[in-house]
Amino acid sequence: MIKQVQSTYNPAELEKKVQENWIRNNIYRKVKELRSSGADFYFVDGPPYTTGSIHLGTAWNKSLKDTIIRYKRMQRFNVRDQPGYDMHGLPIEVKVEQSIGVKSKKEIEDYGIDKFVSTCKNFALDFQKRMTDQFKELGVWMDWENPYLTISPEYVEAAWWTLRRAFDKGLLISANRVLSWCPRCETALAEAEIEYWDESDPSIYVKFPLRDEEGVSLLIWTTTPWTLLANMAVAVHPDFSYAKVTYSRKDGKEKETVILLEDLAEEVGALADWDEYETSELIEGDDLVGVEYLTPFLEDVPRQREITGKWAHRVIPSSTVVAENTGLVHIAPGHGPEDFEIGQEFGLEAFCPVDENGRFGPEVGEKFAGMQARKANANIVQALREKRLIFYDHTLEHRYGHCWRCDSPIIYRTTSQWFLRVTQIRDMMLEEIDKVRWTPDWAGSSREYDWAVNARDWCISRQRYWGIPLPVWKCQCGEMRVVGSVNELRGAEGFREGMELHRPWIDAVTLKCDKCSGRMKRVPDVLDVWFDSGVSTWAQLGFPGSRKELDRWWPAKWITEAHDQTRGWFYSQLAAGCIGFDRAPYESVLMHGWILDPQGQPMSKSKGNVIEPSEIIAEHGADALRFYLMKANAPWEDIAFQHEGVKNARRTLNVLWNVCNFATTYMSIDHFDPLSVDYSRLSSVLRPEDKWLISRNEKLKNEVAKHIESFELHKACRSLEEFILDDLSRWYVRLIRDRMWREEGDLDKTAAYKVLHESLLSVAKLLAPFCPHITEEIYQNIDGSKGSIHLLDWPAPDLTKADDRLEGAMSLVKEIVEIVTRERQSRGVKLRWPLRRIAVKTNTKETLDSLKTLETVLISQANLKGVEFVNPDEVWKDMILSVIPNPLAIGKVYRQWSSKIAILLKSRPAAQIKESVEKGEYSLGVEGQMIKIEQNMVSFTTSLPSDVTSVKFSEGEIYIDFHITPDIEAEGFARDLIRRIQQMRKDMDLDVEEFITAKVKASTKLIEFFKVWKDHVMKETRAKSITFTEQPGGESLVSWEVEGESIEVGVTSLHTRESIGQFSAIPGLSRDSALGLVEAGYKSPSDLKSLSEDAIVAIRGVSKNDARKIAHYLLKIGIGPEQNCPDCGNPVKEGAATCPSCGKDLVVRGRSMPKEKLIPYLLRIPRMNKVKAELLYDAGFDSIEKIESLSKDDIRRVKGIGAKTAEKVVAYALAGGFEDQVSCGKCGTDIPPDALKCPSCGADAPIEIVGEGEVEDETEANGVDDYKLEASFT
RNA sequence: GGGCCCAUAGCUUAGCCUGGUUGGAGCGCCCGGCUGAUAACCGGGAGGUCAGGAGUCCAAAUCUCCUUGGGCCCA
């Protein structure tokens, strides 16, 4: 059954209601149940990090996922939708540190690792709950009751299993490497954990004196002076050209000789402000290799003196050297990853004198020991200056890495860490990237590929607490075991079933060494948190605990995350998948963008430009937010978030809602049942516009599915939006309004209902994955049979119903309507005023024919009286053809007559001349002579008739006739009157079905117009009567200005609805009878007191049966014969003509009156006599109201009444004759308009009837005044 | 410094792959209309050196190169 929707779209209220209904009716579970037999679709949720609140990016991410999941479910897939949360790691540790007020690892250990880790867990669980609530608010449907958590024992076990696989394959190793290190967090950092921003550092050019050539130095450049303490070599590019350059001052006091890249000599000299330089020798890079130099801190750092090796403190070749700064690079293998690699190659020691806190150890000597490495820069530069080794120094702003959690600048240190040797499986990863379907494809082929190509071995160990413990147990004897499952720990010392697998509890578990029987202890490290999420595809399936689910679902069919996950989850899964299962764990990846602030900058708390999703949702609703995010851009592009965009999306949804409101209003009034009608029954009555909407709708189904399949969700949304706004709301609803308003039901109206209903239903379905709330509410109102829209199947398009020709024709109609509208506007002719006609001429016959099928649409939408179609090869018949005489040619033949001929020619019909001339010649008589006009003597032009404009359109030309005829003017004004009355109805807050009476005052011209259109006006405005009078009155009275004319309108509600309600008190009374009573002017049962049963039966619409019921009711409730005077309220006797108390005449205007009562009123009209009055009465004009509303023509139609009398009646009514007071001819007292006797002296109202009546001859044009009727009113 | 993506009206964007009438929309602005969907809706107008430069071509928003600016990822 169709239910009328709420009249306004209130997203907050609607979404709350819908979500509550989902819960109450268990809809989510029902959907899963319904689809459980469908094909499996393994979706994997990239677990968001539990920070506590979601940001817009997360909202977008989850909305995308939800949309695809819902779509897949409508496609009958059985979608696995377990949400995940990433809960370990430094961010939470840092938060907990802040909350308990500790700053270092030592303080954490003093506080107690158990307490610390427990707090971390509580934080994470709390955040998880909060985020879940926010996701639910967005309308995201995932299995919130059963999320996968990276901190659960099963999850930890899955990570262990994977590491065990790596170990078995030789991919898990422990090694000394140079790594980024956070001196505050005292842990190694992965590349993914470093954030770069500008930092100010010393930039120094340092001289490394050659051992064997006095006065000559290698010139190196560095921004990390502190690493010079660990300098081991200097690298040059073997293919570059270097030079020995001597810089000098003009005064000759100073000079320096250094070796640097030849091309940079000038630049470097200018930098250090030397006056002159001279190149004394060119040296190829190759030739510098092996040259020995004195490392700057040889004296200060004891270890430097102990360094040995073939390449120690010598120049070495490296192709990584670039031609910048000096072209020579200082190498400290202990403090730089590339340096380390070069060091490995040349057997250089990775000397790393910096401890985990970033401080120099004793090995650097007294001078620097204990200093923070980066803070020692100034001291080191000073020391170099003292050694006179500084060539030039300044300060430089450059990008520098920082810890992602505490923002400390990182340093590079050499430590022993655990690595996944992903470099060993790089080829496999690259192949797998190629096999995956990436959207857009460059996300894989370029970005992920690029990252994997450059990937280094992955350091997965962290020297922290809150993480998956590294499952490595080591014995003092050197034996090592990697545990791949909890099962392997059973029976171990310290193990308890169901124990916490986190630190510190797991640390208490020791294993027995197989080799030496000693105790194996766990390596204290935890895993890099980025590794956690890498195993999610099998961890959430309970693998390795059980294999069943893995076999059923794995690998993931589809995942989606933002582009930063190239190095994150896309990669961690790829690596983990290749380790665990020798393949990528996903088949299709959609890489989406970021939400930036309105200026295009990333949102961040520090910038203070964060926009909260909850605020947007509170204002515009989750549906609007989702719709905006989906349609704003292609998913893979960033969105600069715009509030206006959300507002706009909401507006679109609002329009959809309004269409639905419109549809359900009428459908529910008419009890339209969509199920009882099907298209096969309607096919013969469908109008072209119906078929057009069906065509558009079927195409839409096709398009939306196509776009979703290719993840072009923006296109899907834009297609939907266009359909809703342009096709449905702005066009189809406009076209069918007239049909909807029709009171009687017929197939034509039913067809419109059916088509509108069908397309609303299918739009709701297509939009359901994007906007799950509003579509649900719409569905509940227009159908609801299946319990929820989300239980429905995706609508399959039926393209046999698509009709391109019809669509093309319709868009031409739209174009023409727009042109006409535009032309109206420029001429100030409003749409309410019909145009006489337009003529349409097209370029092809086909176009013309297809336009003809839409003629009625064109006429109604452009508001025309008619359309003329002109064939492509024809000239519009009303074009004015004129002849242009050619005086030269005429003059040659008929010299003296030529000017006369010209004048004569112009006076003849041009078409005739043309026709004749084309056949041969045209004959013309001039002064008795026959003149022959030949073709060369005339030419022709066509021009537009006056008031006609021609405009070109894409398929031809149209002629618009703006000529206003009186008929058009009348219709225009009538429409204006309708519109004013409708406005007043609205202002009076009247029900759509309510009846009214209207009184109108306007100029005589307008009144004549209105009378022509009276029936139409009454019908349109549900007026029971319209009276034209000088003194309009009513419940509402408004003066309008229309086209310079003033119109005064009084509207009175008949309170039908209310009154019908009143009559429902009468037992068994039918609605029709009640309506009859109301329409006769009775408002409540007490109004009926004065009526006899016969009188009641006489009322139109009241059945005999009902009249008896009414009479019975009146008797029963004891309403006596008495009634109350409507004027003074005092009781009066039934049937009394006047009130005994106030003298008021009790005749109610508008109610039919007995003949003998009405006639005296009519006799007050000039030219009226008794006979004519009776004729009028007998013709059915039996009340004052009816008489007042008559037009001249109405009256003349009454046999026996002539034009003059008719005129007088109208004039009398118009002048307010029935309204105006008259003064008593005897005593001068005012007599009320509807009284017949003077209330003061009782004299008859001043009307003198001079003679008996005679019937006028109806053909009599100028009837003689047979009677003198005098009334003393003015 | 490298890889990828992006740049079209005040704002958000379509068109670019596959070069070819006057570069389409929406929001905002100005003007008007409509009024039984109405705290809606519709129409019109103004507003564009298609980031800048060079090239290819009969023809470039579209293809190529360079520059500038923005985003992501890396160094």
Side-chain angles (χ1 to χ4, degrees), chain A residues 4-5 7-10 191-192 194 196 320 322-324 337-338 398-399 401 440 442-451 453-456 562-568 570-571 591 593-596 598-602 628 631-634 636-649 651-652 654-666 669 714-715 718 721-722 725-726 728-731 733-734 737-738 740-741 817-826 828-832 863 954 975 978-983 985-987 990-994 1020-1022:
Chain A
Q4 161 132 38
V5 303
S7 65
T8 50
Y9 173 49
N10 180 339
E191 286 164 31
I194 300 162
Y196 291 85
T320 62
V322 290
E324 281 173 1
E338 293 88 5
H398 66 151
R399 275 165 64 82
W442 48 260
S445 60
S446 297
R447 290 187 63 123
E448 198 63 55
Y449 195 90
D450 183 56
W451 168 263
V453 163
N454 294 312
R456 299 198 193 149
H563 42 48
D564 55 324
Q565 297 304 326
T566 302
R567 66 167 184 179
F570 298 155
Y571 176 71
M591 185 189 80
W594 273 21
I595 309 276
L596 308 175
Q599 280 72 43
Q601 298 291 312
Y628 164 66
K631 76 166 187 170
N633 266 347
W636 48 88
E637 277 172 18
D638 291 347
I639 296 174
F641 187 84
Q642 305 292 333
H643 282 95
E644 275 301 317
V646 186
K647 236 173 97 183
N648 212 243
R651 199 166 301 178
T652 300
N654 190 41
V655 168
L656 176 62
W657 187 257
N658 282 341
V659 171
C660 204
N661 182 21
F662 171 78
T664 54
T665 300
Y666 294 100
I669 288 176
H714 60 308
K715 290 190 179 170
R718 287 169 189 179
E721 184 168 58
E722 202 184 309
L725 296 179
D726 287 344
L728 200 52
S729 170
R730 285 176 199 161
W731 201 243
V733 166
R734 238 170 88 185
R737 272 186 179 162
D738 286 339
M740 302 288 250
W741 296 339
V817 169
E818 272 168 30
I819 289 170
V820 172
T821 313
R822 195 162 50 227
E823 291 302 316
R824 277 172 178 278
Q825 195 164 325
S826 65
V829 179
K830 20 185 193 183
L831 188 58
R832 258 197 304 274
N863 190 15
S954 58
R975 281 184 175 225
I978 292 170
R979 135 107 176 89
R980 310 297 154 164
I981 295 174
Q982 300 290 30
Q983 181 65 44
R985 290 181 61 111
K986 193 183 137 195
D987 292 343
L990 295 189
D991 192 277
V992 179
E993 289 188 275
E994 188 57 85
E1020 288 294 307
T1021 59
R1022 285 181 88 83

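Worth knowing before you read on, the calculation uses all heavy atoms, side chains too, and leaves out hydrogens, waters and symmetry mates. So that the names make sense, note that chain A is the first sequence line, chain B the second, and so on, each numbered from 1.
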Please work out if A/Glu722 contacts a base, only the sugar-phosphate, or nothing of the nucleic acid, heavy-atom cut-off 4.0 Å.
nothing

Pick base, sugar-phosphate or nothing for A/Val453, based on heavy-atom distances below 4.0 Å to the nucleic acid.
nothing

Would you kindly compare A/Val659 and A/Thr566 by the position of their nearest RNA chain B nucleotide and give the one closer to the 5′ end?
A/Val659

Heavy atoms from C-beta onward define the side chain here; which of B/U38, B/G70, B/G44 lies closest to that of A/Glu818?
B/G44

Would you measure the distance from the C1' atom in B/C73 across to the matching atom in B/C57 and give it in whole Å?
37 Å

Could you measure between the two P atoms, the one in B/U13 and the one in B/G71, and give it in whole Å?
15 Å

Rounded to whole angstroms, how far apart are NE2 on A/His643 and P on B/C11?
18 Å

Determine the minimum heavy-atom distance between A/Ala632 and A/Arg718, stating which atoms define it.
O-NH2, 2.8 Å

Smallest separation among heavy atoms of A/Val733 and A/Ser729, with atom names
CB-O, 3.7 Å

Taking only residues two or more places apart in sequence, or in another chain, which ones meet A/Arg651 in a side-chain hydrogen bond (donor to acceptor under 3.5 Å, both in side chains)?
none

A/Trp636: partners by ring-ring contact (aromatic ring centres under 6.0 Å, His included), with sequence neighbours left out
none

Just call it for A/Gln982: base, sugar-phosphate, or nothing, with non-hydrogen atoms closer than 4.0 Å on any strand.
base

Who passes ring-ring contact (aromatic ring centres under 6.0 Å, His included) against A/Tyr628, sequence neighbours left out?
A/Phe641

Contacts of A/His714 that satisfy ring-ring contact (aromatic ring centres under 6.0 Å, His included) - sequence neighbours left out
none

Among B/A39, B/A37, B/A75, the one nearest any side-chain atom of A/Thr8 is B/A39

Quick one: label A/Arg824 by what it contacts on the DNA or RNA (base, sugar-phosphate, nothing), any heavy atom closer than 4.0 Å.
nothing

In this structure, how many angstroms lie between the C1' atom of B/U38 and the OH atom of A/Tyr666, rounded?
12 Å

Regarding A/Gln601, tell me which of base, sugar-phosphate or nothing describes its non-hydrogen contacts under 4.0 Å with the strands shown.
sugar-phosphate

Tell me: CG of A/Asn661 to C1' of B/A39, nearest whole Å?
13 Å

Minimum-distance nucleotide (side-chain atoms of A/Trp451 versus B/C73, B/U13, B/A37)
B/C73

So does A/Asn661 get a backbone contact from the side chain of A/Thr664, meaning a donor-acceptor N/O pair under 3.5 Å?
yes

By the 4.0 Å heavy-atom rule, please label A/Pro602 as base, sugar-phosphate, or nothing.
sugar-phosphate

How close or far is atom P of B/C73 from atom CD of A/Glu637, stated in whole angstroms?
17 Å

Check: protein-nucleotides 2-4 of chain B nitrogen or oxygen pairs below 3.5 Å:
from	atom 1	to	atom 2	distance (Å)
B/C4	O2	A/Arg447	NH1	3.4

With A/Ile978 via side-chain contact (heavy atoms from CB on, under 4.5 Å) - residues at least two apart
A/Gln982, A/His1016, A/Val1017, A/Glu1020, A/Thr1021

For a quick check of understanding: with a heavy-atom distance under 4.0 Å over all strands, which category does A/Trp636 fall into, base, sugar-phosphate or nothing?
nothing

Map A/Phe662 and A/Lys715 onto RNA chain B by nearest heavy atom, then report which one ends up closer to the 5' terminus.
A/Lys715

Taking atom C1' in both B/C5 and B/G20, compute the distance separating them and give it to the nearest angstrom.
29 Å

If I pick the P atom on B/C16 and the same atom on B/U64, what distance separates them, to the nearest angstrom?
14 Å

Between A/Ala640 and A/Pro598, the two heavy atoms sitting closest are CB-O, 4.1 Å

Whole angstroms only, please: what is the CZ-C1' distance between A/Phe641 and B/U12?
12 Å

With rounding to the closest Å, how many angstrom separate the C1' atoms on B/G3 and B/U22?
41 Å

Can you tell me if the side-chain N/O atoms of A/Gln642 get under 4.0 Å from OP1 or OP2 in B/C27?
no

With a cut-off of less than 4.0 Å, is there a side-chain N or O of A/Asn863 near OP1 or OP2 of B/C34?
no

Side chain of A/Thr821 only, heavy atoms from C-beta on: which candidate in B/G71, B/U13, B/G43 is closest?
B/G43

Separation between the C1' atoms of B/A59 and B/C63, rounded to whole Å:
13 Å

Could you give the CG-to-P distance, from A/Leu596 to B/C11, as a whole number of Å?
16 Å

Apply ring-ring contact (aromatic ring centres under 6.0 Å, His included) to A/Phe662 and list each qualifying residue two or more places apart in sequence or on a separate chain.
A/Tyr666

Which residues share a side-chain contact (heavy atoms from CB on, under 4.5 Å) with A/Asp738, sequence neighbours left out:
A/Trp741

How far, in whole Å, is B/G15 from B/C65 if one measures between their C1' atoms?
23 Å

Residue set satisfying side-chain hydrogen bond (donor to acceptor under 3.5 Å, both in side chains) with A/Arg824, at least two apart, ordered chain then number -> none

Where is the tightest heavy-atom contact between A/Met591 and A/Ala562, given as atom of each residue plus distance?
CG-C, 4.1 Å

For B/A75, take OP1 and OP2 only and decide whether either is under 4.0 Å from a side-chain N or O of A/Asn454.
no

Under the rule for side-chain hydrogen bond (donor to acceptor under 3.5 Å, both in side chains), what residues qualify as partners of A/Glu721, not counting sequence neighbours?
A/Lys631, A/Thr652

Any idea which heavy atoms bring A/Asn654 and A/Tyr9 closest together, and the distance?
OD1-CB, 3.3 Å

Atom CH2 of A/Trp657 to atom P of B/U38: distance rounded to whole Å?
12 Å

Taking pairs as Watson-Crick (N1-N3 plus N6-O4 or O6-N4) or G-U wobble (N1-O2 and O6-N3), each distance under 3.5 Å, the stems of three or more consecutive pairs with RNA chain B are B:1-7 with B:68-74, B:10-13 with B:24-27, B:29-33 with B:41-45, B:51-55 with B:63-67

Report yes or no: is there a donor-acceptor pair, N or O only, under 3.5 Å between the side chain of A/Ser729 and the base of B/A37?
yes

Rounded to the Å, how far apart are A/Trp731 CH2 and B/A37 C1'?
17 Å

Does the protein touch nucleotides 28-33 of chain B at the base, only the backbone, or not at all? Give it as B, S and - per nucleotide, heavy atoms under 4.0 Å.
S----S

If I pick the C1' atom on B/C4 and the same atom on B/C41, what distance separates them, to the nearest angstrom?
45 Å

Taking only the side-chain heavy atoms of A/Asn648 (C-beta and beyond), determine which of B/G71, B/A37, B/C27 contains the nearest atom.
B/C27

